[in-house]
Asks: 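I'd like to ask you about the structure that follows.
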Amino acid sequence: MTPQIIRKAVFPAAGLGTRFLPATKAMPKEMLCLVDKPLIQYGVEEAVAAGCNEIIIITGRGKSTMEDHFDGSPELEANLAAKNKTALLEIARSVSKLARVTYTRQAEPLGLGHAVLMAKEIVGDEPFAVLLPDDIVDATVPCMKQMVEAFYETQSSILASEVIEGAAISAYGVLDCVPHPKNPRLLDVKNMVEKPKFEDAPSKNAIIGRYILTPRIFEMIETITPGAGGELQLTDAIKALLKYEKVYGFHYEGKRHDAGDKLGFLKATVEFALKRDDLGPPFRDWLKSFPM
Ligand code: G1P
């Protein structure tokens with residue numbers, strides 16, 4: 001069989017973002033910025049760096065600023081060109097040139113599995129990436145690129161995983177798995193459970209928001225019934241996939257920030273600002289002098 005490649009990346013982005021109210025009352029949470037870049041753009045840049053040239057964003061009501069963001073902006077560009085602000089012009093232009101972005105809607109909030117199912121026709125019969133925009137992974141080699149490279153070896157579904165200590169594990173999908181005999185980054189997945197109680201968690205290996213999935217996942221989503229929180233869970237569909245195909249966990253190199261959580265968002269903002277050449281040095285000086 002010819003090895004398959006990953007060309008398409010799906011971004012579920014239809015959620016209401018209630019954890020960030022009132023900021024998200026009229027603005028999509030995916031457009032919240034770490035320093036000066038929206039969360040969704042970090043994810044799209046990561047997917048593009050992994051070789052995905054077709055981006056599929058699952059949106060909902062009130063999310064149109066995301067479409068404007070990845071579109072051309074003739075008035076802004078003309079204004080910057082007239083003022084000879086070439087560096088800013090390049091920033092504005094490059095966003096709309098990142099990739100081909102298509103949008104499809106999830107009319108009802110029926111869960112992450114249901115959101116991914118909305119991409120079925122656009123993805124078609126090929127393996128694809130899924131990136132949850134809330135999870136930002138800061139890594140030398142972009143997380144999805146690492147996963148795509150692992151996929152070339154396995155040709156099977158791969159779920160990014162992080163070890164989570166203590167009761168916090170119950171906020172995640174959790175893998176029941178054993179280490180892969182040859183590749184120390186891979187885990188052989190036997191089973192998985194969405195948001196287990198701490199005492200029921202099969203391991204400390206949480207699923208984080210980066211997946212490579214084979215197209216059979218769509219069939220699986222169509223067979224599952226509502227699970228945790230009464231929603232159609234992607235984890236339950238991947239568990240169903242295990243009956244037919246191998247699935248791997250993947251310990252990526254890098255640091256994940258949970259930007260869907262206020263404290264996680266603040267920490268990510270500070271770390272990203274400190275890393276910047278322009279803002280890092282003055283921000284560090286200011287932090288040092290800040291009365292704690
Ligand atoms: C989703 C998935 C969960 C995964 C998590 C990673 O949960 O359902 O399996 O562990 O993303 O961020 P959510 O955070 O949307 O509740």
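We count ligands from 1, going down the list as the structure has it; atoms in each ligand are counted the same way.
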Asks: Would you please test Tyr252 and Glu162 for side-chain hydrogen bond (donor to acceptor under 3.5 Å, both in side chains) and show each step?
Replies: CA-CA 8 Å; Tyr252 54 94; Glu162 181 185 328; 3.1 Å; yes

Asks: With atoms numbered from 1 as shown, which atoms in ligand 1 lie under 4.0 angstrom from a non-hydrogen atom of Gln233?
Replies: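 By the 4.0 Å cutoff, the relevant atoms are 8 (O).
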
Asks: Where's the contact between Asp135 and ligand 1, heavy-atom distance under 4.0 Å: side chain, backbone, both or neither?
Replies: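 Looking at Asp135 and ligand 1, just side chain atoms fall under 4.0 Å.
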
Asks: For the side chain to side chain contact (heavy atoms under 4.5 Å, CB included) test, which of Val10, Ile57, Ile58, Thr59 pairs with Thr104?
Replies: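 Testing Thr104 for a side chain to side chain contact (heavy atoms under 4.5 Å, CB included) against Val10, Ile57, Ile58, Thr59 leaves exactly one candidate, Ile58.
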
Asks: Run through Arg256, Lys145, Arg210, Lys37 and flag the one making a salt bridge (charged side-chain N to carboxylate O under 4.0 Å, His left out) with Glu46.
Replies: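 The residue from Arg256, Lys145, Arg210, Lys37 that satisfies salt bridge (charged side-chain N to carboxylate O under 4.0 Å, His left out) with Glu46 turns out to be Arg210.
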
Asks: Between Trp286 and Phe290, what is the ring plane arrangement, given parallel below 30°, perpendicular above 60°, and tilted in between?
Replies: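 Correct class here is tilted.
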
Asks: Which heavy-atom pair separates Thr24 from Gly17 by the least distance, and what is that distance?
Replies: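 Nearest heavy atoms, Thr24 then Gly17: OG1-O, 2.7 Å.
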
Asks: Glu253 and Ala139: which non-hydrogen atoms are nearest, and at how many Å?
Replies: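 Taking Glu253 first and Ala139 second, the nearest heavy atoms are O-CB, 3.3 Å.
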
Asks: Please name the pair of heavy atoms, one in Glu194 and one in Gln233, separated by the smallest distance, quoted to 0.1 Å.
Replies: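 So the two residues come closest at OE2-OE1, 3.5 Å.
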
Asks: Give the residue, atom name and distance (to 0.1 Å) of the protein heavy atom nearest atom 4 (C) of ligand 1.
Replies: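 Answer for atom 4 (C) of ligand 1: Ile207 O, 3.4 Å.
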
Asks: With heavy atoms under 4.0 Å as the rule, classify the contact between Leu132 and ligand 1 as side chain, backbone, both or neither.
Replies: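 Side chain only.
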
Asks: Any protein heavy atom lying closer than 4.0 Å to atom 13 (P) of ligand 1?
Replies: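 So atom 13 (P) of ligand 1 has protein heavy-atom neighbours under 4.0 Å.
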
Asks: Among all the protein's non-hydrogen atoms, which is closest to atom 16 (O) of ligand 1, and how far away is it?
Replies: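 Scanning the protein heavy atoms, the shortest distance from atom 16 (O) of ligand 1 goes to Lys195 NZ, 2.7 Å.
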
Asks: Do Glu194 and ligand 1 have an N or O pair less than 3.5 Å apart?
Replies: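 N/O-N/O distance under 3.5 Å: yes.
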
Asks: Check whether any heavy atom of Thr235 sits under 4.0 Å from an atom of ligand 1.
Replies: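 Contact check Thr235 vs ligand 1: positive.
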
Asks: Can you confirm whether some protein heavy atom lies under 4.0 Å from atom 7 (O) of ligand 1, or whether none does?
Replies: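 True for atom 7 (O) of ligand 1.
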
